[in-house]
Each structure stands twice: as C-alpha cells, then as structure tokens.
Amino acid sequence: MRLHLLPAALLIFLFASPALSSLQRPLTNTLSTTLVDALSNDPNYTSLLRLLQRARLIPTLNKLNGSTLFAPTNDAVQRHLRDNDLWRSVLNDDYFVLNDNVQEQLRQQLFYHLLNYTVTELPKDNTQTHYTLHYPRAPPDPPSRNPPPFPPWLPIPGGTLGGKPQRLRVSANDVAVDAFGKGGAKIGNTSTAGNGIIYGINKVLEPPLDLAKVISQQSSLSFFNKVLTPAMTELLNSTSKLTIFLPIDPAWDTLDPYERLYLESEYSANDLNRILNLHAVVEEGVGYSDTFEETTNLTTLDGSKLEIKVSSMNVTVSDARLVEPDIFASNGVLHLVDSLLVPPGTLQLTPEKYLLALNCTTFVSLLHSVDLGTLINNTDVKYTILAPSDDVMSLQGDKELPEKGSEELKRLLQYHFLPGNWTPEKLSDGMLLETALEEDGLAGRSQVLSVGVSSDDRKSAEKSVRFAGAKTIGNPTIFSTSQAEILRKAPHTSLLIPHNSAFKRLGLLVSAHLLSTSAKQDLENVLLHHALDTIEYGQSLRNGSQHTFSTLEGSDIRFDRFKNGSLYVSPSGGWTGMQSELYVKDLLTNTGVVHELSDILIPRSVNLTIGKLVKAAQGSTMASIAVKAGFEWLLNGTAPPDGFFSADESLSGTGWTLLCPTDNAFKDVNLTKLFAQPDALRAIVEQHLVPAQPSEGESSVYDTDALYNNRPLPLDDSPTYSTLLSSKSVYGDLVFRWRDNPESKGYIVGIKGARGTDGSADWARVLSWGRSTTASGGVIQIDRLLQPYNPPLWISYGAPTVVGIGGCVLICLFFYGVRLVWQRDTTEATYEPIGGFGRDES
C-alpha cells in the first residue's frame with residue numbers, strides 16, 4: 001500500500017510531532033542521516049538492523065520526524081536468542097518464512113523499543129514514564145494467517161490498554177525499570193540522527209505480559225498465586241483495561257488461620273473469585289497512578305467502591321496503603337497494597353467451609369446424607385462441633401458406621417453438636433453437656449455428653465480435653481492420609497507419642513512452622529521419626545544393650561539409660577543437645593506398642609532454616625528487607641558469599657540469630673522510601689543480626705523445664721550481645737532484660753547506650769523464639785523495629801566538649817595556684833649571717 005493512500009489521521013499520528021515538553025521535543029532535520037543510517041554506520045547494531053529489515057520497519061524509521069530508539073546491541077541480541085525461538089529463527093535462518101502474523105509479533109516487540117518523540121535528556125534523580133509505539137492487542141482465537149488490515153510498518157492505536165500505547169519507565173542509567181528505578185537494561189552509547197536519537201542498551205526489552213503472568217512473577221504475591229483458580233487466571237489474562245490492586249503476602253496473615261486454611265482448600269473457588277472481583281476495576285482507561293487525583297473513587301467488578309487518596313507521604317486505597325504502583329501489563333496495570341480490600345461481612349464463611357478446609361469432608365458428606373446440612377450452614381445458631389477428620393474416619397472404616405442416610409447415623413451425628421460456644425477455658429472435669437440429639441426415652445430432652453479435663457504434664461497448665469472419651473486436638477494439623485495409613489498399618493512398630501505440651505517446649509516458632517500448611521513434608525518426617533520399625537517393650541528399653549534404633553522416617557534415634565532408671569532419647573537431627581525423656585507405658589495396639597515422650601524429636605531430614613522461622617514469625621517484611629540488603633544467604637541457611645564480609649571480620653563458621661520484627665511493626669514505616677536506600681536496609685539487618693560462634697563441648701543437661709534447650713541465645717542474667725553493626729557503631733550492641741511487670745511480663749531487648757529519644761525505637765518486647773538446625777542460632781520474634789541509633793549532636797559532642805572544657809579549667813587553676821605559691825616564696829623575708837653564707841669562720 002502506498003504512503004499517499006493512507007488516511008490523513010494516521011499520517012498525522014505517526015509523522016506529525018505532538019505537543020512535547022522540553023525533554024521530549026523532535027530534533028530538527030539539520031542532519032541528513034536517519035535512524036537507519038545511524039544504525040548502519042555502527043557495527044554494534046547489525047543484528048538489530050537485520051531484524052528491522054525482516055519486520056519491514058525500515059520505512060517507519062526513515063519517515064519518523066523526531067523519535068527515540070532504545071537499540072539493543074549485538075551482544076544483547078545474541079543473549080536474547082538463547083531463550084527466544086522467534087528471534088533466533090528470523091535472525092539466523094535466511095529461508096525462514098515470516099507469515100503476516102509472525103511478522104506482527106516481531107514488529108510489536110520492536111515497537112516497544114521505539115518512541116514517537118525525541119528524549120534528549122534522561123532523568124537525574126527520579127524515573128520518567130514514556131509512551132512507546134507498541135499497542136498490545138489480544139491475539140485472535142484461533143490465530144489468523146490473514147494479512148493485517150493496515151500497513152505493516154504503521155502502529156495503529158487501539159488494543160487492550162484502552163487505545164493507549166504501552167508505557168516504558170526510564171531512569172538516569174536504565175530503561176524498563178520498576179517504580180523504584182530498579183532492574184531494566186543499562187543505557188550505553190548515544191547516537192544522534194536527523195530524525196531522532198538512539199540509546200544503546202545491553203538487553204532486549206521484553207514487552208509486558210498479561211496480568212496473570214505478571215502476577216505470577218511477583219515474589220510478594222506468593223499466597224495469591226497459591227490460591228489462584230483457573231477462572232481467576234482467565235479473568236486476569238483476557239480482560240482489557242484491567243486495574244488490579246492486590247494485597248501482598250503479609251496482608252493475608254491478618255486473616256484467621258482457619259480462613260486462610262479454607263481459602264487454600266479446593267472448596268473456596270467461588271469466594272476467591274469474589275475476592276479478586278473486589279480488587280479489580282475495569283473503566284474507560286487503565287488506572288495508572290498518575291491518573292489518581294487527590295481523591296478518586298473507583299467501582300470494582302463486584303460493585304464495591306474503592307476510595308483512593310493521594311498525599312505527599314503516601315497513597316491509600318480505602319484502608320490499604322499503596323506499597324508499589326504501576327507494574328505494567330499488556331492488558332492493564334497491577335498495584336500492590338498492604339491490606340485486603342474486603343469490606344467486613346462481605347464473605348460468609350460458614351462452619352461447613354471451615355470443616356472442608358480442616359479435612360473433615362467425610363463428616364460433611366455424612367451430615368448432608370441425613371439432611372443435617374443446616375447445622376453447619378446456619379450462622380445464626382452457635383454450635384461447638386466435635387468433628388472427626390478424614391484421617392480418623394479412615395481409621396474407623398465404613399463397616400463400623402451406620403448406613404448412609406439412616407436414622408441411626410443421623411442420631412450419631414447429632415451427638416457431635418453441642419449448642420453454645422464451649423471453649424477449653426469454660427470446660428471442667430466431670431461436666432455433662434447437652435447435645436443436639438433429642439431422645440424419645442428422655443421425654444424429648446437432649447442427650448448429654450461427658451467431659452474429661454486433665455493435664456498431661458504436672459508442670460504444664462495446658463488442658464487435655466476429652467468428650468465421651470475421645471481426645472481433642474489442640475491445634476488444627478494437616479496430617480496426610482498417606483502417613484495415617486503408614487502409621488496405622490505398618491506392622492511391628494513402636495510409637496513414641498509426645499505430650500501435648502511438647503510443641504510449646506519445642507519453641508513457639510518451630511511449632512508454628514511445623515503446624516503451617518507449607519511445612520507438611522517436615523511435619524510428616526517428624527511424625528515418622530517417632531515410629532520405631534521394631535516392637536520395643538519397656539523391659540527391653542530399660543535393660544537391653546541396644547542403644548540405636550531405626551525409624552520409619554529412615555534415620556536412627558539413640559537411647560541413653562541412667563542408673564536412676566531414666567531413659568533419654570536423642571534424634572538424628574535437631575540442634576545440639578536436643579533430647580527427650582521417655583516414659584515407658586507399654587500401651588498395646590494391633591501393630592505394636594506405644595510409649596510417651598516429654599519432647600518432640602527433629603530428624604536430620606528437617607532443616608529449620610532462619611528463613612522458615614522468619615515466615616513462622618510473620619516476618620515477611622523483614623525477610624524482604626534482608627533479601628534487598630543482600631542477606632538472602634542468611635534466610636536460606638547457606639554460607640555468605642565470598643567477599644561479603646571484610647577481611648578483618650573473622651566470621652567463618654559463625655551461626656546467626658536474627659531478631660525479627662513482626663509485619664505489624666512496620667505499619668508506620670515508609671517502605672517505599674526505605675527500599676530505595678540500600679545502606680539503610682543493610683544497617684537495619686545488621687542491627688538485628690547477632691553472630692553466634694558455635695559452642696564447643698556443649699554439655700548435655702537433662703532439664704525438664706518448659707523452656708528446655710529451645711532458645712537461640714541465652715537470655716537470663718541481662719546478657720549483652722554484639723551485632724554486625726557493633727563494628728561500625730558504638731550503639732550496635734543489644735542487651736536483654738527480664739521485665740517482671742504484671743501487665744507486660746517477659747523479656748525485652750534494647751540498643752545498649754541509646755539515649756536522648758523517647759525510647760520507642762530503641763527497645764522491643766520478645767514474643768517468641770525458635771532455634772535453627774542448620775547452624776547455631778535461630779530467630780527471636782520481637783514486636784518492634786529496632787532502628788539503628790544515631791544520637792543527637794548534644795549527646796555525641798556534649799560530653800567530650802564538657803570534659804575538654806573542664807580539663808582546660810583544671811589545668812588553668814593548677815598553674816594559677818603554682819604561680820601564687822611562687823610569688824609568695826619570692827616576696828617572703830629571709831635572713832643570712834653577717835658576711836654571707838660563704839665566709840670562712842676560721
């Protein structure tokens with residue numbers, strides 16, 4: 001198609017320069033060279049020039065009147081060929097036939113490197129957003145081989161961004177950076193042509209993908225990606241002009257653990273779809289952050305309202321804070337916020353949904369078979385539900401239950417519902433509670449159920465509750481059916497069952513990790529490590545000569561016998577000195593015998609890294625700070641990279657204890673500003689990181705205290721510890737103290753010597769801790785961020801100044817006193833013999 005036959009509007013769009021700022025003005029045609037000439041004259045762009053030829057974009061570059069081309073060098077193109085089949089085929093195969101649809105794909109990728117105006121200066125401090133000639137469009141379904149209805153070299157407005165071109169963010173030295181100026185391609189040499197300017201770059205720019213793929217690449221959206229359903233993915237990758245406000249991982253931690261468990265289950269698809277709709281907006285244009293006014297109201301796909309307020313400090317979306325704006329996509333834009341945008345009462349989470357999430361699906365199915373679904377779907381009536389999990393039901397077997405749909409089964413199930421909210425604190429031993437089962441023999445009155453309450457450990461205040469002889473599980477635990485089958489059916493086994501208090505004695509962070517859904521494999525390994533693959537009765541354990549026994553997990557455990565009859569068990573892994581006391585019970589089962597343990601055993605297959613413990617401590621913000629500061633090796637439990645520490649820091653073989661503030665401790669911190677300061681990020685990590693040299697010859701102390709051997713650092717006797725910041729600041733040390741305050745009893749930690757502030761950033765409460773198994777040390781959870789202390793000038797220089805002035809005054813007074821004494825001696829009357837002292841008396 002000839003150029004003079006094109007519609008006038010399109011010619012005006014492409015060749016007439018718009019009203020531009022001083023930084024975006026077209027160059028005057030004083031030079032005879034074009035962009036193509038400039039590329040041809042530079043040997044660094046031969047690969048790019050060939051790609052432009054094959055995409056039929058040479059006329060475009062020749063006809064543009066003022067433009068900017070971010071040109072990948074030959075080296076950049078060669079690196080890109082390793083992962084891009086299209087570019088490799090186009091560039092290396094002269095016989096490769098470019099159909100119109102293939103040309104269009106290549107052409108759009110190249111258009112993403114091209115602006116229709118000249119950028120003569122790059123920003124010095126902040127980032128700059130520009131508009132490329134790439135107009136993303138949804139691919140035809142099925143793909144068409146027909147030629148496009150417009151000239152191949154002409155970018156046509158339209159597409160999935162509401163008729164607007166794709167954006168490109170530029171910083172002082174990089175292009176295609178994020179909102180904080182990070183990432184992207186490095187800008188190198190600059191060449192000027194008569195119709196524009198060329199910036200050489202060291203990497204090919206990839207046009208943004210659809211929102212589903214963009215979201216999958218965000219590490220801070222791991223929970224959302226985990227619960228993403230096919231219907232949600234379809235919405236994200238097929239909807240045009242889509243603006244998404246997604247909560248980062250810490251935001252989901254504010255949900256009740258049961259709610260999170262339900263959302264992670266296969267039964268939550270409808271509720272997850274609604275949650276996504278509550279965070280999604282489709283309007284006439286894409287909602288980039290620069291379109292937000294001081295107050296902007298948006299309507300979500302669910303119909304709810306989002307109120308956006310812009311201030312000099314931050315941007316809020318309803319009750320959430322915008323933590324990262326404008327992550328570009330081919331069909332919209334993604335914004336990251338720090339809270340869920342779900343109005344209270346929007347989601348109705350019924351008991352049935354919780355039961356499904358807690359792996360009680362068989363129990364739910366039986367309830368529906370006898371028309372008792374109202375008991376678990378009516379939220380107006382409160383019940384305490386005694387729900388057996390699928391694992392328990394599989395052990396029970398179908399033959400031992402009444403027939404499905406029978407009246408006998410209905411009566412049995414009603415016996416599992418207690419009207420009212422019966423928490424463990426309300427229960428006492430010997431109580432009789434009414435159930436939902438009404439008996440004819442009781443004149444229509446409810447059948448009752450007995451309650452037994454006892455303590456498994458004399459030193460523990462935790463209660464063990466039994467209903468009609470059936471023991472309750474204190475915390476919801478994911479226990480796979482496959483492992484239940486192994487423990488139920490494995491013949492000739494000895495099970496070592498820890499007391500209920502063992503999880504607390506293990507360290508709250510270790511317990512929280514093992515009971516989390518992401519640690520299912522670790523928990524299964526721990527469970528199997530408590531099963532010996534032989535039958536060992538109490539007599540053989542007390543008097544036998546064997547010390548080492550193999551477990552179903554695959555590793556061994558060791559038994560130590562003492563003269564007083566005590567038996568202690570050591571695991572294959574865990575930390576130094578980890579042991580548990582064995583209580584011989586000889587409880588017989590159809591596959592072996594059961595004994596009791598005081599503590600849980602950790603096998604060597606379970607690696608409790610600092611990263612896992614940080615996650616259990618709800619410290620995802622601290623983990624992000626550590627990664628951005630270069631301490632990712634710390635979270636992974638690996639050694640620091642070569643050269644990370646200076647030569648004079650002898651930290652080889654060092655263990656680490658990280659003080660981890662909770663995510664809530666960062667609610668008043670401007671994270672956007674903080675993440676832009678690498679030195680500040682590193683200082684924060686160093687202030688919270690205590691090097692711990694591994695102890696040699698650590699003694700095995702058999703202590704049955706509830707805090708037995710589970711602390712990463714000794715906290716008694718007000719110890720002081722040096723941190724990584726101690727070598728750089730006199731205020732780097734930390735001191736721990738016990739506060740015996742009835743309102744806030746427990747340990748506190750503070751920056752040693754910090755003075756002159758209100759103290760709000762200099763100390764924190766210790767909430768919990770957990771030991772690492774990869775090296776000595778671990779994680780201590782605290783409730784406040786310890787900001788590195790920089791004393792005021794009057795503290796830094798006041799004392800030395802006073803000492804100096806005082807010293808000068810004392811020196812002056814000393815010499816003044818000497819002078820007075822000297823004057824007194826020289827003026828005082830003296831006596832001598834007649835003729836003088838030197839006369840000879842003889």
Side-chain angles (χ1 to χ4, degrees), residues 391-392 395 429 452-466 469-475 477 479 483-484 486-488 490 492-507 510-511 514-515 523-544 546-553 555-562 564-574 577-603 700 702-710:
D391 300 323
V392 174
L395 295 173
D429 191 39
V453 179
S454 62
S455 177
D456 289 332
D457 191 334
R458 294 180 179 178
K459 295 185 178 182
S460 173
E462 291 190 2
K463 293 180 178 180
S464 173
V465 181
R466 295 176 181 269
K471 190 173 181 179
T472 61
I473 301 175
N475 295 297
T477 303
F479 184 25
Q483 304 306 324
I486 291 176
L487 294 178
R488 181 171 73 92
H492 307 292
T493 56
S494 301
L495 298 182
L496 311 179
I497 306 299
H499 289 168
N500 282 354
S501 59
F503 274 98
K504 179 180 179 181
R505 293 159 62 84
L506 189 62
V510 178
S511 301
L514 292 177
L515 294 176
L523 179 58
E524 290 179 353
N525 289 341
V526 170
L527 292 171
L528 294 178
H529 196 56
H530 289 73
L532 308 183
D533 62 4
T534 58
I535 297 178
E536 301 295 337
Y537 297 108
Q539 183 177 2
S540 65
L541 291 176
R542 288 194 181 99
N543 305 320
Q546 185 176 352
H547 288 272
T548 302
F549 299 87
S550 59
T551 67
L552 295 183
E553 180 264 339
S555 59
D556 298 337
I557 60 176
R558 177 179 175 82
F559 285 76
D560 293 309
R561 306 173 180 88
F562 294 87
N564 61 0
S566 299
L567 282 172
Y568 285 88
V569 185
S570 301
S572 64
M578 171 177 269
Q579 289 184 325
S580 174
E581 186 173 2
L582 178 72
Y583 305 105
V584 175
K585 293 297 182 181
D586 281 342
L587 301 176
L588 303 181
T589 68
N590 59 357
T591 58
V593 65
V594 174
H595 302 290
E596 293 183 4
L597 288 176
S598 65
D599 292 272
I600 292 173
L601 305 175
I602 302 295
S700 298
Y702 302 113
D703 186 1
T704 57
D705 194 305
L707 298 178
Y708 164 65
N709 199 25
N710 64 5

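The figures that follow rest on heavy atoms only: side chains count, while hydrogens, waters and symmetry mates do not. When a residue number appears, it is its place in the shown sequence, counting from 1. All of these numbers come straight from a predicted model, not from anything done at the bench.
Heavy-atom contacts from other residues, nucleotides or ligands closer than 6.0 Å to NE2 of H492 number 12 or fewer. More than 12 heavy atoms of other residues, nucleotides or ligands sit less than 6.0 Å from atom CD of Q546.
Looking at M578 and L506, their side chains come closer than 4.5 Å, going by heavy atoms from C-beta outward. The shortest distance between side-chain heavy atoms of Q579 and D560 falls below 4.5 Å. With a 4.5 Å cut-off on side-chain heavy atoms, F549 and L496 do not count as touching. Side-chain contact between P603 and V526 is present, with heavy atoms from C-beta onward closer than 4.5 Å. Looking at L567 and V569, their side chains never come closer than 4.5 Å, going by heavy atoms from C-beta outward.
Scanning for side chain to side chain donor-acceptor pair (under 3.5 Å) contacts around N543 gives an empty result, with sequence neighbours left out.
Atom CG of L527 is separated from atom CD1 of I497 by 8.5 Å, given to the nearest 0.5 angstrom.
Scanning all heavy atoms of the two residues, the minimum distance from E536 to L541 falls at CB-CD2, 3.7 Å.
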Passes side-chain contact (heavy atoms from CB on, under 4.5 Å), H499 versus Y583? Steps please. CA-CA 10 Å; H499 289 168; Y583 305 105; 3.6 Å; yes

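For the pairing with S550, the side-chain hydrogen bond (donor to acceptor under 3.5 Å, both in side chains) check across D556, T534, D533 returns one residue only, D533. With respect to T493, the side-chain contact (heavy atoms from CB on, under 4.5 Å) criterion is satisfied by exactly one of V593, V594, T591: T591.
Relative ring orientation between Y568 and F562 is described as perpendicular, the plane-to-plane angle rising above 60° on a 0-90° scale split at 30° and 60°.
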